[in-house]
Structure formats: structure tokens, C-alpha cells
Amino acid sequence: MDNPNLCGICGKPAAVRLDNPQRRLCADHFMKDAEERVFKAIDAENLINDGDRVLVGLSGGKDSTALILILSEYVKSHPDVKLIAVTIDEGIAEYREDTIKAAERLVEHTGVEHKVISFTELFGDTLDRLVADRKNLACSICGVLRRRSLTEAARRYSADRIATGHNLDDEAQSVLMNMLRGDRPSLIQDTSLGYEGHFVPRIKPLAVLSEKEIVTYIMLKGFYTPLPECPYATTALRMDARKIIGILEEKYPGTKLNIVKFRNGIREHVPCMPKGKPGTCRICGELTSGDVCMVCKVLNRDR
Ligand SMILES: [Zn+2]
Ligand SMILES: [Zn+2]
């Protein structure tokens, strides 16, 4: 019965062994298991409601590839939910061209409507030029601008939700990074909720799957494409957090999940919504808790 080389459900040759719980599954049952775990999270946390228009951030990388494939399966049993894939073209030479091609192949396969929005169109220039004299800040500047781009896209295409491909590893790393920075507000504040009636909620349906499971899933689906690393991807703290959590997970399976559960537990007990009604940025008019929004700050519009 307990043959280590066979699927624990159907007895076919096992393709993968899940770390937690210790289960072996054939390719078909692994894909089904991954999809069902995401569907369960969507339903348990009401991430998507019938009739929603869900904007899916599709960079073409591994996480968003898994996200569009799994959500395309989800809408088969939820035909009232509409997906719109949006690729943000930041303007990063010798990087974005390949991933946009990968994204196009995916939308062709899934039949999801696809839009591309560029930093040049929204912010007047490519990321490469915007950060030319401050390359060390490129990653965080890009993050701020991408976030605004998705908000703008959600407005343009009347989306009710913005879905991003953050996985369990990303989430666990963020918790540890916030702790290491002593950044309690970021740890506690659930920015996905935003301000009631003012903000499109952000959802992370893949937060129940580890990076390893995501890579396995897209490989089994036949959509794994080795892509170039983003030339700016050098957040040192995240790399260290990744290493440390990797060591702990290896020794104590379930660590990643427990880190995220721990944070979610804190969020349930501590008020996490931003206080009061948001104000508007005096330069661009977007919602912000301060006088000038982050986008205007990183674009130096306030100087
Ligand atoms: Zn099986
Ligand atoms: Zn602004």
C-alpha cells in the first residue's frame, strides 16, 4: 500500500512528493491537488465572488503563469467570473520582451482577454530611464509604479479584484523582512483590503502554494519557460530571508506556512485598517494617507 514510488491516490507512478503533508502524487493528482487548494482558499476567504471581474497581473514569470492557468480552471466552474490579464511593460531592456512573449502564449492557450500597459504611457518614461541615476533603488521604485499601474488598469477595465501571483515563499519572506526591519505597521496592515469603497481589493490566491509547488505545477502543465532574471532583482534582505527560511523549512517542514499563519493570527486581533478616510495626493490626486503619494515621491514630482 505504502509504496514510495506510487501515487497515494491512484497508484500510478508518483511524480512528486509534497513536503507537507508527506504525500506522494502522480502528475495528474498533483495538479488537481494544487488547483483544489487554491480554489479552497478562494472560497474560504471569499477572494472572488460570482459576477466579479478579476484583473490578473500577468508578468509572464512562473508565479503569474501558474496564477492564470489555475484561475482559468477556476472560472470553468464559475462562469460568471470574468478574467482580464494585464501585463505591465516597465521598460526594462533585454528582459521584458521575452516575458511578454511568454504572457502572449499563455493568453492564447487560456483564451483570457489580454492588455498591456506601459510605464512610458503612464509615467512618461521607461523604468530603465527613470532609475538611470539610482539603480540601487530600482526594485522598490518599480514596485511602487507597478502597484499604481495595476490600480490604473483595474479602473480602466472596471475590475472588482486585482489578483497577483504572490506565493507562500513570498509571503513568509515578507513577514520575516518586516520583523527584521522592525516595521510593525507593514506586518500588521493588510493593504489588500484598502479603503472601503475607494480601492480595488488585491487578492493573492497562490499564497497557499510554495514556490517549489508552483514550478512543479507549470512544468507538469508544459508551461515552464526559463526566462532571464530581472536585471534589477537584487533585494539583499529578501535573499537572506529566503535563505534562512529555506534552511528552517528543510529542518522543520511547515515553517513557511506557520510564519504566514502567525501573521494572519496577529491581523485578526489587531485593528489593521488604515485609520480614518484617506486623503488625496496634492500633485496627482490619487488616494494617499499623506500629502504626496508614493508614486509622486519616487518620480520626484514633489521637488
Ligand atoms: Zn494519482
Ligand atoms: Zn501623487
Side-chain angles (χ1 to χ4, degrees), residues 16-20 57 59-67 88 90 92 94-96 98-99 127-128 130-147 150 164-192 202-219 224-267 270 272 294 297-298:
V16 280
R17 197 182 70 190
L18 296 179
D19 305 331
N20 189 23
S59 70
K62 58 185 167 43
D63 297 316
S64 66
T65 296
L67 181 65
I88 312 291
E90 303 92 344
I92 304 175
E94 281 156 44
Y95 165 68
R96 201 29 104 197
D98 286 355
T99 54
L127 183 74
D128 284 344
L130 288 169
V131 302
D133 54 350
R134 41 184 181 153
K135 286 206 171 78
N136 55 327
L137 298 175
C139 233
S140 47
I141 292 173
C142 185
V144 170
L145 299 181
R146 288 176 60 82
R147 222 181 141 79
L150 287 176
T164 56
H166 294 85
N167 62 42
L168 180 62
D169 292 62
D170 299 326
E171 289 290 279
Q173 287 157 18
S174 296
V175 174
L176 184 59
M177 286 163 68
N178 285 327
M179 286 172 66
L180 295 173
R181 289 186 185 124
D183 187 349
R184 198 177 62 119
S186 295
L187 178 74
I188 294 172
Q189 227 172 65
D190 189 355
T191 50
S192 63
R202 284 165 191 265
I203 57 171
K204 299 172 182 173
L206 299 191
V208 289
L209 300 181
S210 70
E211 192 183 312
K212 208 161 106 187
E213 288 169 330
I214 285 172
V215 172
T216 309
Y217 179 84
I218 61 173
M219 278 180 159
Y224 180 79
T225 333
L227 290 169
E229 272 276 306
C230 175
Y232 299 118
T234 49
T235 327
L237 185 58
R238 184 170 285 278
M239 294 307 273
D240 286 336
R242 181 197 169 99
K243 230 182 279 168
I244 293 163
I245 294 172
I247 293 168
L248 291 170
E249 178 72 39
E250 182 83 33
K251 213 169 165 188
Y252 310 104
T255 295
K256 287 175 202 166
L257 207 60
N258 286 338
I259 292 175
V260 175
K261 272 192 200 157
F262 181 72
R263 180 204 59 192
N264 296 346
I266 295 176
R267 282 182 177 174
V270 181
C272 58
M294 279 306 287
K297 275 184 195 157
V298 303

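Taking CG of Leu150 as the start and CG of Leu145 as the end, the distance is 11.5 Å to the nearest 0.5 Å. The distance from atom CG of Leu180 to atom CD1 of Ile244, rounded to the nearest 0.5 Å, is 6.5 Å. Here the straight-line distance linking atom OH of Tyr232 with atom CD of Glu90 works out to 10.0 Å at 0.5 Å rounding. Atoms CG and CE, from Asp183 and Met177 in turn, are 10.0 Å apart once rounded to the nearest 0.5 Å.
For Asp63, there are no salt bridge (charged side-chain N to carboxylate O under 4.0 Å, His left out) partners two or more places apart in sequence or in a different chain. Gln173 pairs by the side chain to side chain donor-acceptor pair (under 3.5 Å) definition with Arg238, not counting sequence neighbours. Remark: Lys261 pairs with no residue by the salt bridge (charged side-chain N to carboxylate O under 4.0 Å, His left out) rule, at least two apart or across chains.
Salt-bridge formation is detected for the pair Asp169/Lys256: a Lys NZ or Arg NE/NH1/NH2 atom is positioned less than 4.0 Å from an Asp or Glu carboxylate oxygen. A salt bridge is defined here as a Lys NZ or Arg NE, NH1 or NH2 lying under 4.0 Å from an Asp or Glu carboxylate O, and Glu211 with Arg242 meets this definition.
A side chain to side chain contact (heavy atoms under 4.5 Å, CB included) with Leu168 holds for exactly one of Ile214, Leu257, Leu209; it is Leu257.
Contact annotation: the side chain of Ser59 never approaches that of Thr99 to less than 4.5 Å [non-hydrogen atoms, C-beta and beyond].
The minimum heavy-atom distance between Asn178 and Ser186, with the atom names listed, is OD1-CB, 3.5 Å.
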